[in-house]
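The structure appears below as structure tokens.
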Amino acid sequence: MLEVKKDVQATKAGVRYQCIAGNSIGKIRSSSAVLTYAQFDTSIWDQPSGTIIGYVDNQVLIPCTVPTDAQPVPTVAWYRNGAKIDVDADTTYTLVPSGNLYIYKVQSSMDNDTFFCQITNYEIFSDVNSTVATLEVRPRSNAPLLKPTIIVQPKDTTTTQGQDAYLEVSAIGDRTITNYGWSYQGPLSSKPPIALVGESTAKISGAYEGQYLCYVTYETGGTPPLSTTASNIATITVNVPPTISTEIASEIVVHVGYPFSLECVAAGKPVPTVTWYQCGFNHEWRRQRDVCS
């Protein structure tokens, strides 16, 4: 057993440990373990505080952003008036991936209710409560026009030529979202074929390389009639299998005692590496049974 008795330092993160057992017959290596430094910094995350204004039947977002540099990423729980909210069972609430709490429809009964979040890191058995925010509920007639809120942004994707690519986006709002429209910017002169899978996921048939973004829209029922929010830009990268564009001649005539050269032009993405073989041997002249078969 290896026991590290000194204090673990963050600079050691990423170091691998492996044991080797040996005797007069031979040696064997274990699998390796990677050291991850568990840390929990509560000074940088956004907390709910003061009074948050909500409008009856409208949405409201209460902030509680998880630290991006925490290792491992902590879990987030929310409390209303001191009681834990079951975000999985109660459809009134959604826990946004960043840790924020989204309330679909504010109810008048929530007026002056208090909310706070609790962040827990199970690796070091540590949890921290945020400051407390109070929700002030106002009449719907006083509500400003709100745009849809995108809670899952599309991510950069790498795929292989000929395969389909998928971009996922998810949005919420105080009205029913009527359209998820995807735009394209890339080497094609026209928009590639994009189909919706489910409500909002884009399926790009054939995976065309370029940049994509989604416009999320709903009808306001007023002026202006539509409200739209644009997502972040996601880039699709298409890898291409290697091909040889210049074939080697089946027979080569050379003069004895003189050097000669052969050309092999290959294309692909990423750029392929080229290795030369003499039949039965590779360029280092070690025998290769499968070469020139």
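In this chain, residues are counted from 1 in sequence order.
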Worksheet item: Would you call the rings of Tyr79 and Phe116 parallel, tilted or perpendicular if under 30° counts as parallel and over 60° as perpendicular?
Response: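 Ring orientation of Tyr79 relative to Phe116: parallel.
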
Side-chain donor or acceptor of [X] paired with backbone N/O of [Y] under 3.5 Å:
X: Thr159; Y: Thr157; result: no
X: Asp113; Y: Leu135; result: no
X: Thr229; Y: Pro148; result: yes
X: Gln118; Y: Ala77; result: no

Item to complete: Could you pull out the closest heavy-atom pair between Asn100 and Cys64, with the gap in Å?
Response: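 Result for this residue pair: OD1-N, 2.7 Å.
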
Discussion item. Please give me the minimum heavy-atom distance between Ser108 and Val137, naming the atom from each residue.
Written reply: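 Result for this residue pair: CA-CG1, 4.0 Å.
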
Item to complete: Report the C-alpha separation of Val106 and Val56 in whole Å, then their side-chain angles, then the decisive distance to 0.1 Å, and conclude whether the side chain to side chain contact (heavy atoms under 4.5 Å, CB included) test is met.
Response: CA-CA 5 Å; Val106 174; Val56 174; 5.6 Å; no

Worksheet item: Going from OG1 on Thr92 to CG on Asp86, what distance comes out if it is rounded to the nearest 0.5 angstrom?
Response: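 One finds 11.5 Å between OG1 of Thr92 and CG of Asp86.
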
Worksheet item: Going from OH on Tyr180 to SG on Cys214, what distance comes out if it is rounded to the nearest 0.5 angstrom?
Response: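 One gets 7.5 Å once the value is rounded to the nearest 0.5 Å.
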
Item to complete: Report the residues that fulfil side-chain contact (heavy atoms from CB on, under 4.5 Å) with Ile85, sequence neighbours left out, ordered by chain and then residue number.
Response: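 So Ile85 forms a side-chain contact (heavy atoms from CB on, under 4.5 Å) with Trp78, Arg80, Val87, Tyr93, Leu101, Phe115.
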
Worksheet item: Which ILVMFWY residues can you reach from Val197 by hopping between side chains whose heavy atoms are under 4.5 Å apart?
Response: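 Listed partners: Tyr166.
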
Would you say [X] and [Y] make side-chain contact, with heavy atoms under 4.5 Å?
X: Gln161; Y: Pro241; answer: yes
X: Ile204; Y: Asp164; answer: no
X: Val238; Y: Gln163; answer: no

Discussion item. Hydrogens and angles aside, do Tyr104 and Gln59 bring a side-chain donor and acceptor to less than 3.5 Å of each other?
Written reply: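 No donor-acceptor contact under 3.5 Å links the two side chains.
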
Practice prompt. Decide whether Thr134 and Thr51 meet the rule of one side-chain donor and one side-chain acceptor closer than 3.5 Å.
Written response: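 Looking only at side-chain atoms, Thr51 and Thr134 do not form any donor-acceptor pair under 3.5 Å.
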
Fill in: CD (Gln185) with more than 12 external heavy atoms under 6.0 Å
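Not buried by this count: 12 neighbours or fewer within 6.0 Å.
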
Worksheet item: Would you call Lys269 and Glu209 a salt bridge, using N to O less than 4.0 angstrom?
Response: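 Result for this pair is yes, salt bridge flagged.
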
Item to complete: Pick out which of Thr235, Val169, Ile194 makes a side chain to side chain contact (heavy atoms under 4.5 Å, CB included) with Tyr212.
Response: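 One option only clears the test, and that one is Ile194.
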
Worksheet entry | Listed partners of Asp111 passing salt bridge (charged side-chain N to carboxylate O under 4.0 Å, His left out), at least two apart |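 With neighbours one apart ignored, the set is empty.
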
